[in-house]
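Quick notes on the structure that follows.
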Amino acid sequence: MPLEIYNTLTRKKEIFTPLVPGYVGMYVCGPTVYSDVHLGNCRTFISFDIIYRYLRYLQYKVRYVRNITDAGHLEGDRDEGDDKFSKKARLEQLEPMEIVQRYTLGFHEVMQLFNNVPPTIEPTATGHISEQILLTEKILANGYAYEINGTVYFDVEKYSREKPYGILTNRKLEDLLEGTRDLDGQDEKKSRLDFALWIKAKPEHLMQWPSPWGMGFPGWHIECSAMSNKYLGKRFDLHGGGMDLAATHHTNEIAQNEACFNESPAQIWMHTNMLTVNGTRMSKSLGNGFLPHELFTGNHPMLNKAYSPMTVRFFMLQTQYRSTLDFSNEALQASEKGLKRLWEAYQFLQKLQYEKGEADAELNEKVLKLINDFDTSMNDDFNTAKVLASMFELVPVINSIKDGLIKTGEMLESTFILLGKKFKDYLEDIFGLKNSDEINDGKLAEVMHLLIDIRKEAKTKKDFATSDKIRNQLNEIGILLKDEKGGEMSWGLDV
RNA sequence: GGUCCUUUGGCCGAGUGGCUAGGCACAGCUCUGCAAAAGCUGCUACAGCGGUUCGAAUCCGCUAGGGACCUCCA
């Protein structure tokens with residue numbers, strides 16, 4: 001079964017066929033670095049990280065471009081408003097680029113904690129001002145834009161006479177124009193749907209660049225057209241972003257590209273759904289956003305403990321990227337336990353050796369089917385939730401081997417090898433999960449080894465007072481000791 | 001006001017016409033010095049009403065609830 005991806009543009013799943021065989025060009029709208037990214041933002045980047053990893057797993061050479069928006073977005077709904085960066089900079093007495101630097105570093109740190117692979121190119125808006133000016137000039141020359149007092153607007157009505165403007169989200173121009181929101185007048189735009197490509201800067205504006213229309217800064221949609229065009233060409237395979245960007249940002253992006261090159265940029269548009277809290281979208285403006293660090297420290301009124309980045313990543317994997325995901329303390333707790341169970345089975349599997357034995361055709365077939373379902377599920381529009389369900393069905397098989405209820409030899413050696421390989425491919429390479437750092441601490445492992453030895457001796461002598469003391473006191477400091485079959489003991493950090 | 005989406009068991013969530021999703025929680029049993037873990041078993045739901053069909057959680061209609069976008073936001 002080939003890879004199928006849901007395309008927002010056609011509103012159905014399509015078989016994925018790259019424009020150039022073997023290669024994939026992928027563009028994802030990145031963060032605006034004037035404040036910390038919240039967990040909702042992270043969901044999108046984690047989703048596309050897994051998509052990127054899976055495409056590589058399928059042997060594609062992927063150019064993954066994710067921009068950093070460090071200029072150009074406006075505050076408020078008026079085009080003559082301040083550039084967001086400049087506004088905040090004045091409040092905090094910082095240079096705009098200091099803000100940008102601070103939050104860019106913060107963003108990268110969070111991405112790393114979530115174990116996201118960096119994109120292959122991460123271009124910035126401020127690094128591509130001339131490209132944005134060139135596109136704006138081209139759109140003007142093609143007659144789809146007009147200049148008023150140093151600001152250049154995209155002429156949506158002119159454009160929509162020739163091309164379907166609301167094609168991405170299936171909206172008609174009349175419906176878009178109908179909204180009850182009236183502008184307060186005094187607007188220089190010809191139509192309320194027109195958006196700025198280039199904005200005239202006031203003299204005191206901190207971030208501004210020279211242009212054919214005077215000093216100014218780019219509008220908030222042109223950067224993605226400019227950068228995707230520069231690094232991926234006029235037409236590329238995948239364009240992604242959060243669902244909230246589809247109706248405005250991506251719609252305008254398509255219009256810009258069409259107005260420039262008479263071509264739509266991406267063949268497939270992918271949109272990740274929102275992370276919600278109590279059924280309402282997590283967003284900056286509503287103030288219900290969780291910061292990653294609030295989770296990692298547990299420092300939030302809604303949380304009763306801290307959760308590791310891997311728990312959060314796993315939590316997101318349990319849902320398909322196009323569904324909303326509701327965030328709660330209980331849901332995270334469930335994910336934490338689920339991940340622990342899965343990961344422990346995986347760890348055991350990696351150490352396991354194959355031993356020849358009496359074959360059990362039924363077991364072999366069951367295992368093989370579940371393994372093959374991994375790829376089938378991923379090929380069905382990256383259904384990570386289904387992959388995990390198959391994995392969890394294999395956990396009892398692995399644990400039964402651990403308990404000696406099943407022998408590895410009951411399945412074929414090829415099946416056994418494939419099982420180990422696929423678990424590794426999926427959990428580590430595709431899903432990007434990894435051990436918590438604490439458990440990797442070598443010194444701790446040595447100390448634990450020692451304590452386990454002492455406890456084993458005590459148990460052999462039936463000195464249960466000592467053996468219980470060790471286990472109970474470890475438990476108090478958050479280390480869980482488990483007695484296993486055959487007198488062995490294992491340990492893990494209590495979660 | 002307009003456009004669109006959604007409603008699954010105690011909780012989180014897959015699933016789009018017939019076949020047990022899965023996780024967490026809960027209960028029982030097995031194992032066990034005790035505990036934990038693990039294994040096995042149980043809990044089997046699809047907002048309401050009507051329609052299509054041999055058959056619907058899945059398709060259609062209506063009603064009700066929730067949400068998103070139309071304005072910066074992943």
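Chain identifiers are assigned alphabetically (A, B, ...) following the order of the sequence lines, protein sequences preceding nucleic acid strands; residue numbering begins at 1 within each chain.
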Which listed nucleotide (B:C70, B:G33, B:A14) is nearest to the side chain of A:Ser323? B:A14
For A:Phe45 and A:Phe107, I'd like to know if the aromatic rings sit close, meaning centre-to-centre distance below 6.0 Å. yes
Across the strands shown, which category fits A:Phe392 at heavy-atom distances under 4.0 angstrom: base, sugar-phosphate, nothing? sugar-phosphate
Taking any heavy-atom pair under 4.0 Å as a contact, classify A:Ser377: base, sugar-phosphate, or nothing. nothing
Under 4.0 Å between any heavy atoms, over every strand shown, what does A:Leu275 touch: base, sugar-phosphate, or nothing? Just pick one. base
From the options B:C24, B:G13, B:A21, select the nucleotide whose nearest atom is closest to the side chain of A:Asp326. B:G13
Considering every strand and a 4.0 Å limit on heavy-atom distances, what is the contact class for A:Gln320: base, sugar-phosphate, or nothing? sugar-phosphate
Stacking check A:Phe45 vs B:A74 (5.5 Å / 30 deg): no
Between atom CZ in A:Phe374 and atom P in B:A21, what is the gap in whole Å? 19 Å
Touch class at under 4.0 angstrom, heavy-atom based, for A:Thr169 against every strand present: nothing
Decide, yes or no, whether a salt bridge links A:Glu344 with A:Lys340 under the criterion of side-chain N to carboxylate O below 4.0 Å. yes
Check every strand shown and say whether A:Gly241 touches a base, only sugar-phosphate, or nothing at a heavy-atom separation below 4.0 Å. sugar-phosphate
Assess the side chains of A:Arg43 and A:Asn273: does a donor N or O sit below 3.5 Å from an acceptor N or O? no
What I want to check is whether the side chains of A:Asp375 and A:Tyr426 have a donor and an acceptor closer together than 3.5 Å. yes
Can you measure A:Lys461 atom NZ to B:G33 atom C1' for me and round it to whole angstrom units? 17 Å
Looking only at atom types and distance, does a side-chain atom of A:Asn329 sit under 3.5 Å from a main-chain N or O of A:Asn304, one as donor and one as acceptor? yes
Minimum-distance nucleotide to A:Asp483 side chain [options: B:C34, B:A74, B:G13]: B:C34
Taking OP1 and OP2 of B:A25, is either one under 4.0 Å from a side-chain nitrogen or oxygen of A:Lys337? yes
Among B:A68, B:A36, B:C72, find the nucleotide with the atom closest to the side chain of A:Trp220. B:C72
Candidates B:G15, B:G23, B:A74 - which lies nearest the side chain of A:Met282: B:A74
Would you say a side-chain N or O of A:Thr32 is under 4.0 Å from OP1 or OP2 of B:A74? yes
Looking only at side-chain atoms of A:Lys459, point me to the closest of B:A74, B:C24, B:C34. B:C34
Ion pair check, A:Asp373 and A:Lys386, cut-off under 4.0 Å: no
So what stems show up for RNA chain B if we need 3 or more Watson-Crick or G-U pairs in a row, all under 3.5 Å? B:1-7 with B:64-70, B:10-12 with B:22-24, B:26-30 with B:38-42, B:47-51 with B:59-63
How is A:Asp468 classified with respect to the nucleic acid when contacts are heavy atoms under 4.0 Å: base, sugar-phosphate, or nothing? base
Any salt bridge linking A:Asp49 with A:Arg66? Criterion: basic side-chain nitrogen under 4.0 Å from a carboxylate oxygen. no
Would you indicate which nucleotide in B:A37, B:U3, B:A74 comes nearest to any side-chain atom of A:Met274? B:A74
Taking atom types as modelled, is there a side-chain donor on A:Thr324 or A:Asp326 under 3.5 Å from an acceptor on the other? no
Taking all atoms of both residues into account, what is the closest heavy-atom pair of A:Val110 and A:Cys42, and its distance? CG1-SG, 3.8 Å
Examine B:G23: is either OP1 or OP2 under 4.0 Å from a nitrogen or oxygen in the side chain of A:Ser335? Give yes or no. no
For A:Gly289, answer base if it contacts any base atom (sugar-phosphate contacts may also be present), sugar-phosphate if it contacts only those atoms, and nothing otherwise; contact means non-hydrogen atoms under 4.0 Å. nothing
Could you state the CG-P distance from A:Asp373 to B:A14, rounded to the nearest angstrom? 17 Å
Need one value for A:Ser283: base, sugar-phosphate or nothing, where a base atom within 4.0 Å counts as base even if backbone is also close, heavy atoms only. base
Treating primed atoms plus P, OP1 and OP2 as sugar-phosphate and everything else as base, which nucleotides of nucleotides 39-47 of chain B get B, S or - for protein heavy atoms under 4.0 Å? SS-------
If you measure from the Lys or Arg side-chain nitrogens to the Asp or Glu carboxylate oxygens, is any gap between A:Asp425 and A:Lys422 under 4.0 Å? no
Less than 3.5 Å apart, any donor N or O on the side chain of A:Asp381 or A:Tyr321 sitting next to an acceptor on the other? yes
Taking B:C12, B:G33, B:A21 as options, the one with an atom nearest any side-chain atom of A:Ala389 is B:A21
Could you check which of B:G23, B:A35, B:C70 has an atom nearest any side-chain atom of A:Arg171? B:C70
From the list B:G2, B:G15, B:G33, which nucleotide is the closest neighbour of the side chain of A:Phe464? B:G33
Classify the nucleic acid contact of A:His271 as base, sugar-phosphate or nothing, counting any heavy atom under 4.0 Å across all strands shown. nothing
How far does the C1' atom of B:C73 sit from the matching atom of B:A14, given to the nearest Å? 29 Å
